[in-house]
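Report on one structure; see the data block that follows.
Since this is a predicted model, take the numbers as computed values, not measurements. Every heavy atom of this structure was used, including side-chain atoms; hydrogens, water molecules and symmetry mates were not. Every chain is numbered from 1 and lettered A, B, ... according to where its sequence line falls, protein lines coming before strand lines.
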Protein chains: 2
Amino acid sequence: MFDRRLVAVEPKACKKFLMLDISESVSCRECTKSARCFKTLIPSELDFINQNKTQILYRKGENICKQGAFASYVLYISDGLVKLYLDTPHNKNINLKILKTSEFIGLSSIYGDNIYNYSTVALKDSYMCLLEKDSFRKLLIKNGSFASEIIKWYCENEKQLFKKIQSLGNKQMPGRLADTLIYLYEQSLLEDTLFMHLSRKDIADFAGLSTESTVRLLKELKDDKIIDLNGKQIKILDKEKLKEISRRG
Amino acid sequence: MFDRRLVAVEPKACKKFLMLDISESVSCRECTKSARCFKTLIPSELDFINQNKTQILYRKGENICKQGAFASYVLYISDGLVKLYLDTPHNKNINLKILKTSEFIGLSSIYGDNIYNYSTVALKDSYMCLLEKDSFRKLLIKNGSFASEIIKWYCENEKQLFKKIQSLGNKQMPGRLADTLIYLYEQSLLEDTLFMHLSRKDIADFAGLSTESTVRLLKELKDDKIIDLNGKQIKILDKEKLKEISRRG
DNA sequence: TCAAATTATTGAATAATCTCAATGATTTTG
DNA sequence: CAAAATCATTGAGATTATTCAATAATTTGA
């Protein structure tokens, strides 16, 4: 899976700590978890990235990046599960995405304000590669195919954000929750422990609802046999009906 | 400004018609309205774009692209003013952006689904360059600096969308309207006729409110001497207070 | 393992926002 | 220019969604 030769530093010193890579990490050439865009790189370019990266383990619950913080790296999930969200005061965040192995975090810091525009937190222990922004930038300029793959990512990303805006902007509670459940369910197909890592508040923050409203609606959906609730585990029994609810708004 | 050698075709035949370019349009090499990214192109690349573009005039009120429609071109505003919005049923759209001269429309169709993910409408008569997607793609691959400039655009774009999500997702009416007014006011500094082209419903659709709520809140802001209303014209008298309202949500 | 802390659930009251309907103002069109 | 159409404004009532408070269930940590 990933390089296991990692050692925890001061495991009891504080609740949230980093595991530092004290060994040679997997080189980019041999990495089996590489994103599609890396396929466009020639070996010397891969080596170049390899020389400008660090591997780190983030523990479950740790913030990987924090909205507003100085963005020194582009992060790449070499193996993990991450929640991406917009930070707001009053403990009412907006969850945007679940990120899984082989996805980037903080791409926009390459050319943006040099700060992260969102926060991310590890939903389970996650191994990350930290790539230097400068190196990344150099590669983009040198290799148009690589840059094109990044642009492809942005196209998809934009589409997702539009969907979110549509959902928040003119759907009512049932539609918003349906959108959320459909999204999370699809993610859970790729990462079957997903729901075990999500609280009701997490789901509420995805849908832009209060936790209480979310709980009530989930119960209704259960009573209508559209979903099945079993503790944190959620299963969709009638996806068509959910989609219909999503459509109606 | 732009090439005036344009002739209306069948001006009385239908309310909405295109003016077709029956002359040589301004070549990309000489164009003074070019986006920053075009500066990264060498003359032969500019000529290449030039050979693969068409110029068209869209009349005020005409749809330039329609969400869900087949996306054959990337559009570039050579001179104009455009509203970008998400189409929804029940006549309740979400306005996302005001686009002005030198901005792109439909960039994401380059690598996305081959359909537009949003609609755009000309707020005033607008001259557009239609660029072939294929040519655009070829340039991206060939010229990493060009691609990097496009990525820069995406970074900024993403930031704006996050802002929108924050606003819709956890601000109440006053905060959402304040965000909208601040945004539109800044745009109006660059295009002073802007407000004359916007109805109350347009403003409401930017803020994600009903038209009636928008009207009521605008009146309150006027009574509090935070803005000045004069028909369609809106002026901000106390930007700090508006920002405070935006912050409070 | 047990107590403390956190998370989930439920109901009732409250607040936010929208819809509908009516009227006035402005713009468009023949 | 006058009628028609569209847009702006206002109030009242209905709807949607949140908050607060209380309790139950689950998880965490010593």
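- Dashed line: the shortest gap from a side-chain N or O of A/Ser213 to OP1 or OP2 of D/dA17 is not under 4.0 Å.
- Here the C1' atom of nucleotide C/dA8 and the CG atom of A/Leu217 are 15 Å apart, to the nearest Å.
- With rounding to whole Å, A/Glu220 atom CD is found 14 Å from C/dT9 atom P.
- Residue-level contact check: B/Ser199 touches the backbone only, with heavy atoms under 4.0 Å from sugar-phosphate atoms and none from bases.
- Atom CG in A/Asn170 sits about 17 Å away from atom C1' in D/dT15, given to the nearest Å.
- A cation-pi arrangement is present between B/Lys83 and B/Tyr85, with the terminal nitrogen or guanidinium carbon under 6.0 Å from the aromatic centre and inside a 45° cone about the axis.
- Between the C1' atom of D/dT27 and the NE2 atom of A/His197 lies a distance of 15 Å, rounded to the nearest Å.
- A donor-acceptor pair is defined here as one N or O able to donate and one able to accept, closer than 3.5 Å; such a pair exists between the side chain of A/Ser126 and the backbone of A/Leu81.
- Among the protein residues, A/Lys232 comes within range of the sugar-phosphate backbone only, with heavy atoms under 4.0 Å from sugar or phosphate atoms but none that close to a base.
- Remark: C1' of C/dT17 and CG of B/Leu218 are 16 Å apart, rounded to the nearest angstrom.
- Among the heavy atoms of the strands lying under 4.0 Å from A/Ser210 is at least one base atom, whether or not backbone atoms are also near.
- For B/Leu209, the side-chain atoms get nearest to C/dC18 when compared with the rest of D/dT16, C/dC18, C/dG11.
- Taking the six-membered ring for Trp and thresholds of 30 and 60 degrees, B/Tyr118 and A/Phe162 have ring planes more than 60 degrees apart, a perpendicular arrangement.
- No more than 12 heavy atoms of other residues, nucleotides or ligands sit less than 6.0 Å from atom NZ of B/Lys241.
- Remark: P of D/dT16 and CG of A/Leu177 are 16 Å apart, rounded to the nearest angstrom.
- Of the two residues near DNA chain D, A/Glu212 and A/Lys171, the one whose nearest nucleotide lies more 5' is A/Lys171.
- Put simply, CG on A/Asn91 is 14 Å from P on D/dT18, counting in whole angstrom units.
- Side-chain atoms of B/Arg200 and base atoms of D/dT6 include no donor and acceptor less than 3.5 Å apart.
- A donor-acceptor pair under 3.5 Å links the side-chain atoms of B/Asp202 to the main chain of B/Ser199, judged by distance alone.
- Atom-to-atom, NZ of A/Lys92 to P of D/dA17 comes out at 12 Å; the value is rounded to the nearest Å.
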